Amino acid sequence: MVVIAQVSDLHVDSGERSGERAGRVFRYLAGLPVAPDAVIVTGDIADHGAEAEYERVRGLARLGSPVLWCPGNHDDRGPYRKALLGEDVDVAPVNRAYEIGGVLIVMVDSSIPGRNEGRLGDETIEWLGATLAGRSEMPALICFHHPPVALGMPYVDGMRQFGAGRLAAVIERHPQVVAVLCGHAHTPAVTTFAGRPLVVAPGVVSTSMLPFETEAIVDLGLPPMVAFHLLDDDHRLTTHFRVVV
Ligand SMILES: [Fe+2]
Ligand SMILES: [Fe+2]
């Protein structure tokens, strides 16, 4: 059994509120009696993509588990690489693959610099196909920020990931892809994409509301949540959500 915690949409800025919520979530994860095999953070890590915001997040996310990141629309690839990953500044898509407990975790960059909606660039689609083809025997989780389907939330749906047919084609060629994990929507949700489960992680900073719940788009009062993805030896995924009070 492999356990992967997912945290999304921290939107850490210089303010007290975002730092308190992100800190609360990372303290909860750090305090678990058994550390997850990995913690994935699916974008909108910094609210303004500033170096100081990434440095603040790095200070909060001191965990016993490896922390795997991918950028969102609020992130900025240059400062993200420099201050979060400790790498040279470069504005190419930030795509990474990791092997954790026999599971391939692919962290894909769905951001378009300067835009709120997402799209996987041609270079990213090629990289993803090659990465999966090279490890066809290993169960894989594909993770990125923007959901590639509409979720019944007009505000979010208008800035989802577009051009997702190419991604669906890659997934359909690779039966080892167990599920797709994303963020951006600030709501815990489950649907399907390319015949696989698509799990949307809740947002740490806020919760998006459904149009029939309230007229407000966002609720700032609901507590942050995290997701725990359990992948069993038969490569079956079960996801649990936890409120972090
Ligand atoms: Fe977000
Ligand atoms: Fe986002």
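Everything quoted here is computed from the prediction, not taken from an experiment. Counting convention: from 1, in listed order, for ligands and their atoms alike. Count residues from 1 along the sequence. Heavy atoms only: backbone and side chains are in, while hydrogens, waters and symmetry mates are out.
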Hey, any chance F26 and V226 share a hydrophobic cluster, counting ILVMFWY side chains that come within less than 4.5 Å of each other, even indirectly? yes
What number of protein N, O or S atoms occur at distances under 2.8 Å from the Fe ion (ligand 2)? 4
L231/V178 under side chain to side chain contact (heavy atoms under 4.5 Å, CB included): CA gap, chis, key distance, verdict: CA-CA 9 Å; L231 195 62; V178 174; 3.6 Å; yes
Pairs flagged by side chain to side chain donor-acceptor pair (under 3.5 Å) wherever residues 94-104 is involved - sequence neighbours left out: E87-R96, N95-T124, E99-R135
Residues in side chain to side chain donor-acceptor pair (under 3.5 Å) with E53, at least two apart? H48
CD1 (I100) and CG (L68) are apart, to the nearest 0.5 Å, by 5.5 Å
For a quick test of your reading: what N or O donor-acceptor pairs under 3.5 Å do the side chains of residues 179-202 make, sequence neighbours left out?
from: H184; atom 1: ND1; to: N73; atom 2: OD1; distance (Å): 3.2
from: H184; atom 1: ND1; to: H145; atom 2: NE2; distance (Å): 2.9
from: H184; atom 1: NE2; to: M159; atom 2: O; distance (Å): 2.8
from: H186; atom 1: ND1; to: S206; atom 2: OG; distance (Å): 2.9
from: H186; atom 1: NE2; to: D9; atom 2: OD2; distance (Å): 3.0
from: H186; atom 1: NE2; to: H11; atom 2: NE2; distance (Å): 3.2
from: R196; atom 1: NH1; to: H174; atom 2: O; distance (Å): 3.0
from: R196; atom 1: NH1; to: V177; atom 2: O; distance (Å): 3.0
from: R196; atom 1: NH2; to: I171; atom 2: O; distance (Å): 3.0

